[in-house]
Amino acid sequence: MRYLKPNFVGIARNKQTTGLGHVTKRDLENLEAAYPDLPEQRAIAHVLGTLDDKIDLNRRMNETLEAMARALFKSWFVDFDPVRAKVEGRDTGLPQDIADLFPERLVDSEKIPEGWEVGRLADAIELLSGGTPKTSVAEYWNGGIPWYTPRDAPHQSDVFVIDTQRTITQAGVDNSATKVLPSRTTVISARGTVGRLACLGRPMAMNQTCYGIRGAAGYKAFFTYWLVRNTVEELRSRTHGTVFDTITRQTFTFIDSHLPPTDVAGAFEAAVKAIMERVLRNLHESRALAALRDTLLPKLMSGKLRLAKAAQAIETEA
């Protein structure tokens, strides 16, 4: 490790003396700093690169897992593949106890499986409202409760939101219209960028531009998320990429949905639960790995931490 005396203090003192509020190119050229020898730099890059590789692996794994859950929902509740297989005398490819849950014919001009309903989305969900604590009251903000807004919406393949840009305190909750929603609640943006979805990966509050959505009539959390997500995607496809200018409570009473019996929805819930929970675990792991990487980098570059101890920390975290 080469240690050269940093000159940040000298630059700052000079700027205060001269009254200049900026750093010039010459200041940067004359700046001295500590840095490791090239072989150690390469070793550090290799060690920290293992963290980036694992984060990238988790991202790609989540893309695959999300695609699996999406494909299963489409097969069962959009294309009705198990029912069509029975109609055509083919094997459904499902375990017998699950296959028995599906009827053997389509009705209503073959648009829906026998025994299912074409109902309103509002019949299958419960809507929850959000709110914003007064921004002028400091004690309402920067607490331990994540406060979700549409800008916190995750990438579709990540499904879950686990962090938010802003947080609030319990006093903020108690003195506003917002409420803390349980983990696995679906959240949809109702204004601005309408139709952005997230499944809460931890308890959170949300602002008034969103609706929280919980399953009703016996429908569980993950079925509800995929039902709402599929409905939003169908509406976008019909309206060339947009859904609505604004979503209101009344909007959900206008949207038709194929509503299966609760035992079929429950079988889907059981089938995707492990997939969805693995997506969430990957997100938490990637967040921890990124935090570890960002902590190790300055310590390794300054020589405050040696590579052997850093490798041990990475092995423990991974």
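- A perpendicular orientation is assigned to the rings of Phe222 and Phe160, their planes being inclined by more than 60° (bins at 30° and 60°).
- Under the 4.5 Å side-chain heavy-atom criterion for Ile, Leu, Val, Met, Phe, Trp and Tyr, Tyr148 and Leu197 are members of distinct hydrophobic clusters.
- Enclosure of atom CZ in Arg60 by more than 12 non-hydrogen atoms of other residues, nucleotides or ligands within 6.0 angstrom is indicated.
- Each of Met206, Arg166, Gln208 was scored for a side chain to side chain contact (heavy atoms under 4.5 Å, CB included) with Thr132, with one residue passing: Gln208.
- With hydrophobic clusters built from ILVMFWY side chains whose heavy atoms lie under 4.5 angstrom apart, Ile247 shares a cluster with Leu127.
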Verdict with reasoning, Arg214 to Leu128, per side-chain contact (heavy atoms from CB on, under 4.5 Å)
CA-CA 8 Å; Arg214 286 199 295 232; Leu128 308 165; 3.8 Å; yes

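- Summarising the local packing, CD of Glu277 is surrounded by more than 12 heavy atoms from other residues, nucleotides or ligands at distances under 6.0 Å.
- Distance CG/Leu65 to CG/Asn58: 10.0 Å, rounded to 0.5 Å.
- A donor-acceptor distance shorter than 3.5 angstrom exists from the side chain of Asn175 to the backbone of Ala171, with no hydrogens or angles considered.
- Shortest non-hydrogen contact noted between Val180 and Pro203 is CG1-CB, 3.9 Å.
- Residues Phe77 and Phe268 place their aromatic rings such that the two centres sit under 6.0 Å apart.
- Atom CG in Asn230 sits 10.0 Å away from atom NE2 in His258 (nearest 0.5 Å).
- Under the 4.5 Å side-chain heavy-atom criterion for grouping Ile, Leu, Val, Met, Phe, Trp and Tyr, Phe80 is connected to Val78 within one hydrophobic cluster.
- The shortest distance between side-chain heavy atoms of Met204 and Leu181 does not fall below 4.5 Å.
- Relative orientation of the Trp116 and Phe102 rings is tilted, given thresholds of 30° and 60° on the angle between their planes.
- For the atom pair CG (Leu289) and CZ (Arg293), the distance works out to 9.0 Å, reported to the nearest 0.5 Å.
- Listed here is the closest heavy atom pair of Asp158 and Asn62: OD1-ND2, 3.5 Å.
- Residues Leu121 and Phe252 have side chains in contact (heavy-atom distance under 4.5 Å, counting atoms from C-beta outward).
- Summarising the geometry of Val159 relative to Met276, their closest heavy-atom pair is CG1-CE, 3.8 Å, with the distance given to 0.1 Å.
- Electrostatic pairing of Arg202 and Asp163 counts as a salt bridge here, judged by a charged N lying under 4.0 Å from a carboxylate O.
- Between the side chain of Thr92 and the backbone N or O of Leu94 there is at least one donor-acceptor pair closer than 3.5 Å.
- How far OG of Ser257 is from CD of Glu117: 11.5 Å, rounded to the nearest 0.5 Å.
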Would Arg278 and Met61 count as a side-chain contact (heavy atoms from CB on, under 4.5 Å) if you check the C-alpha gap in whole Å, the side-chain angles of each, and the deciding distance to 0.1 Å?
CA-CA 9 Å; Arg278 182 55 189 268; Met61 187 185 302; 3.6 Å; yes

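- Judged by distance alone, the side chain of Thr253 and the main-chain N or O of Gln250 form a donor-acceptor pair under 3.5 Å.
- Of the possible donor and acceptor atoms, one in the side chain of Thr231 sits under 3.5 Å from a partner among the backbone N and O of Leu227.
- A salt bridge does not link Arg84 to Asp81: none of the charged side-chain nitrogens sits closer than 4.0 Å to a carboxylate oxygen.
- With contacts defined as side-chain heavy-atom distances shorter than 4.5 Å, the pair Val173/Ile145 qualifies.
- Contact check on Glu66 versus Arg229 returns a salt bridge, with a Lys/Arg side-chain nitrogen under 4.0 Å from an Asp/Glu carboxylate oxygen.
- Under the 4.5 Å side-chain criterion, counting only non-hydrogen atoms from C-beta, Pro133 is in contact with Ile168.
- Of all non-hydrogen atoms in Thr224 and Ile213, the two that sit nearest each other are CG2-CG2, 3.9 Å.
- Nearest heavy atom pair, residue Ala205 against residue Thr178, reads CB-OG1, 3.3 Å.
- Once rounded to the nearest 0.5 Å, the distance linking CG of Leu57 with CG of Asp52 reads 12.5 Å.
- How far OH of Tyr211 is from CD1 of Ile188: 10.0 Å, rounded to the nearest 0.5 Å.
- Ion pairing between Lys86 and Glu114 fails under the 4.0 Å rule for side-chain N and carboxylate O.
- Between the side chain of Glu63 and the backbone N or O of Ser157, no donor-acceptor pair lies under 3.5 Å.
- Hydrophobic clustering of Ile, Leu, Val, Met, Phe, Trp and Tyr side chains at less than 4.5 Å, counting indirect connections, unites Leu280 with Phe73.
- Looking at Arg249 and Ser129, their side chains do bring a donor and an acceptor atom within 3.5 Å of each other.
- Without hydrogens or angle criteria, Asp152 side chain to Gln165 main chain gives a donor-acceptor distance under 3.5 Å.
- The closest donor-acceptor contact from the side chain of Trp76 to the backbone of Ala71 lies at 3.5 Å or more, if one exists at all.
- The closest side-chain donor-acceptor pair between Thr149 and Asn207, if any, does not fall under 3.5 angstrom.
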Between Arg287 and Ile162, does a side-chain contact (heavy atoms from CB on, under 4.5 Å) hold up when you go through it step by step?
CA-CA 9 Å; Arg287 179 179 65 174; Ile162 60 174; 4.2 Å; yes

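- A donor-acceptor distance shorter than 3.5 angstrom exists from the side chain of Tyr219 to the backbone of Pro260, with no hydrogens or angles considered.
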Could you give me the CA-CA distance, side-chain angles and deciding distance for Thr246 and Val194, then say whether side-chain contact (heavy atoms from CB on, under 4.5 Å) is met?
CA-CA 7 Å; Thr246 303; Val194 176; 5.5 Å; no

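- Taking every heavy atom of both residues into account, Pro182 and Leu200 meet most closely at O-CD1, 3.9 Å.
- In terms of modelled atom types and a separation under 3.5 Å, the side chain of Ser189 and the main chain of Gly195 share a donor-acceptor contact.
- Placement of Val232 and Val161 in two distinct hydrophobic clusters is found when ILVMFWY residues are connected by side-chain heavy-atom separations under 4.5 Å, directly or transitively.
- For Glu285 and Arg281, the salt-bridge test fails: no basic side-chain N is under 4.0 Å from an acidic carboxylate O.
- A salt bridge links Arg120 with Asp256: at least one charged nitrogen is closer than 4.0 Å to a carboxylate oxygen.
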